[in-house]
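A short worksheet on the structure shown next.
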Protein chains: 2
Amino acid sequence: MDKNNHFTKQAKVLRALAHESRLMIVDRLSRGECSVGDLHGLVGGDLSTVSKHLALLRAHGVVEDRRERTTVYYRLLTPCVCNLFTCATQVLKERKR
Amino acid sequence: MDKNNHFTKQAKVLRALAHESRLMIVDRLSRGECSVGDLHGLVGGDLSTVSKHLALLRAHGVVEDRRERTTVYYRLLTPCVCNLFTCATQVLKERKR
DNA sequence: TTCGTTATTGGTCATATTGCCATATAGTAA
DNA sequence: TTACTATATGGCAATATGACCAATAACGAA
């Protein structure tokens, strides 16, 4: 497998996560599955915008969904994404010194 | 401190990393400091483009630089960014199943 | 079927990102 | 000084991203 290609793929995953609202969503999902409506309540803005953020996360393999009656629940597919928070926080901390 | 604000900051750090060329740079720097010229040889494209990627990484606290004569060397400021690779890879792996 | 609830998709505009070119700067040596 | 090497910066055009509104779809209840 080509190495550049792997960096390209990784970059896409990171870009999928690198957004304020999507980080809020991931952070919430790291504490258990949640409906679109509740995520919307958390994130704010237009519901359709939240839905698009979720579609993007799903397309990149970060989350998956499950429908129950008329409600759709999302959950993390790869819990390790929490490491990103730790890492980003550490970069921010280091920067201040 | 406001929580949303923290997500915003984290998102900026992740965006700084979420680019093919910048991941290549970070990956290389994770194995020790390196000059701009050598990074350019690795990444390809225009040298000025590489320089801008480095400026962006520096502005976000991911790397720092040191000048020796006419050569500028860059190095990682926060080694934990390697966790990002692990995590992104895991997301990619999970997606395939 | 028709209606209400929940979520997704299409369209469009504004803004952000990226890459290349040309130019400028920092440092060294002659 | 001039010239040379190594990097950085300004500017611009192409593309990508994000937010909203409107329209649509999926499902259950009446």
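Letters go in sequence order (proteins before strands), and every chain restarts at 1.
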Counting only heavy atoms from other residues, nucleotides and ligands, does the tally under 6.0 Å from CZ of A:Arg69 exceed 12? no
Within the 4.0 Å heavy-atom criterion, would you say B:Thr49 contacts the bases, only the backbone, or no part of the nucleic acid? base
Nearest whole Å is fine: how far is D:dA16 P from B:Glu20 CD? 14 Å
Have a look at B:Leu54 and say if it touches a base, only the backbone sugar-phosphate, or nothing, with a 4.0 Å heavy-atom cut-off. nothing
Rounded to whole Å, the CG-P distance (B:Leu39 to D:dT7) equals 9 Å
Phosphate oxygens OP1/OP2 of D:dA8: is one of them under 4.0 Å from a side-chain N or O of B:Ser51? yes
How do A:Ser35 and A:Arg15 order along DNA chain C: which one's closest nucleotide is nearer the 5' end? A:Ser35
Check every strand shown and say whether A:Thr71 touches a base, only sugar-phosphate, or nothing at a heavy-atom separation below 4.0 Å. sugar-phosphate
Rounded to the nearest angstrom, tell me the gap between atom CG in B:Asp46 and atom C1' in C:dT23. 13 Å
Which heavy atom of A:Gly61 sits nearest to which heavy atom of B:Val91, and what is that distance? O-CG1, 3.6 Å
If each of B:Gly45 and B:Arg67 is mapped to the nucleotide of DNA chain C with the nearest heavy atom, which maps nearer the 5' terminus, i.e. the 5' end? B:Gly45
Round to a whole Å and report the spacing from CE of A:Met24 to C1' of D:dA19. 16 Å
Quickly, which of A:Arg58, A:Arg66, A:Glu64, A:Arg28 forms a side chain to side chain donor-acceptor pair (under 3.5 Å) with A:Tyr74? Name it, please. A:Arg58
Under the side chain to side chain contact (heavy atoms under 4.5 Å, CB included) test against A:Val63, which residue among A:Leu77, A:Leu76, A:Val81 passes? A:Leu76
Knowing that exactly one of B:Thr78, B:Leu84, B:Leu17, B:Val13 qualifies, which makes a side chain to side chain contact (heavy atoms under 4.5 Å, CB included) with A:Cys87? B:Leu84
Donor/acceptor link under 3.5 angstrom from B:Ser48 side chain onto base of C:dC21: yes
Does a side-chain N or O of A:Arg22 approach OP1 or OP2 of D:dG18 to a distance below 4.0 Å, or not? yes
Closest to the side chain of B:Leu56, out of D:dA6, C:dT18, D:dT7, is C:dT18
Select base, sugar-phosphate, or nothing to describe what B:Tyr74 touches, counting heavy atoms under 4.0 Å on all strands. sugar-phosphate
Whole Å only: how far is the NE2 atom of B:His40 from the P atom of C:dC20? 9 Å
Rounded to the nearest angstrom, tell me the gap between atom CG in A:Leu47 and atom C1' in C:dT6. 8 Å
A:Lys12 NZ to D:dA16 P: how many Å, rounded? 11 Å
Closer to the 5' end of DNA chain D via nearest nucleotide, is it B:Ala55 or A:His19? B:Ala55
Of all the choices, D:dG10, D:dT7, C:dA29, which nucleotide is nearest to the side chain of B:Arg69 once you look at every atom? C:dA29
Rounded to the Å, how far apart are A:Lys52 NZ and D:dA22 P? 14 Å
Where do B:Thr89 and B:Phe85 come nearest, in terms of heavy atoms and distance? OG1-O, 2.7 Å
Are any of B:His53's side-chain N or O atoms less than 4.0 Å away from OP1 or OP2 of C:dG19? yes
